[in-house]
Amino acid sequence: MKTIDNALYIGDVPVRQIARAYGTPTYVYDEQRIRANYARVAAAFRTQYPDFHLYYAIKANDNLAVAAIVTGEGAGIDAASVNEILLAKELGLDGERVIFSGNFLSDEDIVLGLESGVIFNLDDASLFPRVMRFGKPDLICFRVNPGYGKSNVGDFVTNAGPNAKFGVHPDQVLDAYRMAREAGIRRFGVHMMPGSCVTDAEYFPFVVGLLMDIVGKVGATLGIDFEFIDIGGGLGIPYRPGEAPLDLEGAARKSVEVFRSKLGEYGLKPPRLVMEPARAIVGDAGWIVGTVHSIKRGYSTIIGTDVSFNVLVRPALYDAYHGIYVDGKEHGPRARLGLCGQLCENTDFWVRDRELPADIAEGDIVVVENAGAYGYAMSFRYNGRLRPAEVLVNGASHELIRAREGFEDMTRGVRIPARLRK
Ligand code: LLP
């Protein structure tokens, strides 16, 4: 986002123009920013380890236009469910261009996963015999819980360690691979995803070291050559003002240093190095454009907007911080204010005390930043407040990539039994 004569722009499009053309609240993504983010992540690792590959975790932003930009750059897809596998298919990706990292899978998930021929990334050893009941995948990958995880979003998105529901316990990994090998599996990968949104560069080589010690022992004991080692996502972005960004290049360099040295230590054949980031690619390339509808001056001053927690749940769910800007007013005097959405829930009072333009007024356009990842994807309908529109900006052009929900979405699929009709 940039400011020209006090007006806010996403790409080269004034946010006022977006609000006028599509209404609010509307998610807006900057294609050029997505491409630049992708290129930076890819280059950071590829310059250190040329056999580096990206799988985009589509859960963060499953708009197919957004995902098409990322897969167009060369990424595969990390899918959390069968429906996300189908989204990948819509983009022309299948087979080993898709890794299926679901957890606590149903039999139906397993059957459909097998039919689609994607890489099975099993979240527990107990899944393996269940998969084998339905078919024999060519390649098996286990998601390892390396025993430690971390996140800037409190403990909310710490996905490894003793309190996490994910991954194979470190002491069970060897037996998991042994079971798979004894069942005749010959191709293997390994995966971890220990945390999301980490801006501490040292964390990445640390967890790579934990994983590699586990992988190394499996490889050496069972004589397995892993085709790929997937070190997950987790590359963080700063959300708060003044927060230091991740030293991405440093994280990549140090992670690959540990990776290579552990390959050497355990005598492993160099595999493909895989990552499946999402936030680092789309997080800061998305904004929500909203409107101030009403201002209450009671116990405190509360700015009422249409950016409710059904549109962006992260603050209500994780106490997450998102920067807010007011079109045309960023350079004037500031005051400490509260800001809320329109839901009948007090957690929708999602900013309690924030420096905002003192002259903010009804009708103003607000922009919420860092909404490209886990924004729309986690939105829902509540109180009759519907999911917003999504727009893609590319330079000075803008186009709708998902229509705003309408009333018909509230009744779609709903049946009133005849006996209940008047
Ligand atoms: N791979 C797997 C298996 C994942 O579960 C995730 C995210 C990723 C990759 C991508 O992680 P990233 O690069 O974005 O850190 N809703 C939370 C984040 C949950 C992360 C879930 N897994 C939030 O809004 O902060």
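Every number for a ligand or one of its atoms is a count from 1 in the order of the listing. Heads up: numbering here begins at 1 and tracks the sequence.
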Within a distance under 4.0 Å of any heavy atom of Met378, pick out the atoms of ligand 1 and give their elements. 16 (N)
So which bit of Ala57 gets within less than 4.0 Å of ligand 1, heavy atoms only: side chain, backbone, both or neither? side chain
Does any N/O atom on His191 come nearer than 3.5 Å to any N/O atom on ligand 1? no
Contact partition for Tyr318 relative to ligand 1, non-hydrogen atoms under 4.0 Å: side chain
Do Arg143 and ligand 1 have an N or O pair less than 3.5 Å apart? no
I want to know if ligand 1 touches Asn159 in the polar sense, i.e. an N/O pair below 3.5 angstrom. no
Please report the closest heavy-atom contact between Phe204 and Gly233, naming both atoms and the distance. CE2-O, 4.0 Å
If you count the atoms of ligand 1 from 1 in the order shown, which ones are under 4.0 Å from a heavy atom of Arg279? 12 (P), 13 (O), 14 (O), 18 (C), 23 (C), 25 (O)
Can an N or O of Ala280 be found at a distance shorter than 3.5 Å from an N or O of ligand 1? no
Taking atom types as modelled and ignoring hydrogens, do the side chains of Asn83 and Ser81 form a donor-acceptor contact shorter than 3.5 angstrom? no
Contact partition for Glu276 relative to ligand 1, non-hydrogen atoms under 4.0 Å: both
Report yes if Gly234 has an N/O atom closer than 3.5 Å to an N/O atom of ligand 1; otherwise report no. yes
Taking atom types as modelled and ignoring hydrogens, do the side chains of Asp62 and Tyr376 form a donor-acceptor contact shorter than 3.5 angstrom? no
With distance as the sole test, does Asp306 use its side chain to make a donor-acceptor pair with the main-chain N or O of Thr291 at under 3.5 Å? yes
Ligand 1 atoms in contact with Val157 (distance to a heavy atom under 4.0 Å): 17 (C), 18 (C), 19 (C)
For the backbone of Cys340 and the side chain of Asp348, can you confirm whether one donor and one acceptor N or O come within less than 3.5 Å of each other? no
Ligand-residue contact atoms, ligand 1 with Asp78, heavy atoms, under 4.0 Å: 1 (N), 2 (C), 3 (C)
Is a donor from one side chain sitting under 3.5 angstrom from an acceptor on the other, for Asn163 and Thr158? no
Ala373 to ligand 1, any heavy atom closer than 4.0 Å: no
Using the six-membered ring of Tyr27, assess whether NZ or CZ of Arg402 lies under 6.0 Å from its centre and within 45 degrees of the ring axis. no
protein heavy-atom neighbour closest to atom 24 (O) of ligand 1 works out as Arg314 NE, 2.5 Å
Name the orientation class of the two ring planes belonging to Phe309 and Phe380 (parallel below 30°, tilted from 30 to 60°, perpendicular beyond 60°). tilted
Side chains of Glu345 and Tyr382: any donor to acceptor distance under 3.5 Å? yes
What part of Met193, side chain from CB on, backbone N/CA/C/O, both or neither, has a heavy atom under 4.0 Å from ligand 1? side chain
Side chains of Phe349 and Ser300: does their closest heavy-atom pair fall under 4.5 Å? yes
What do you reckon, does Phe166 put a non-hydrogen atom under 4.0 Å from ligand 1? no
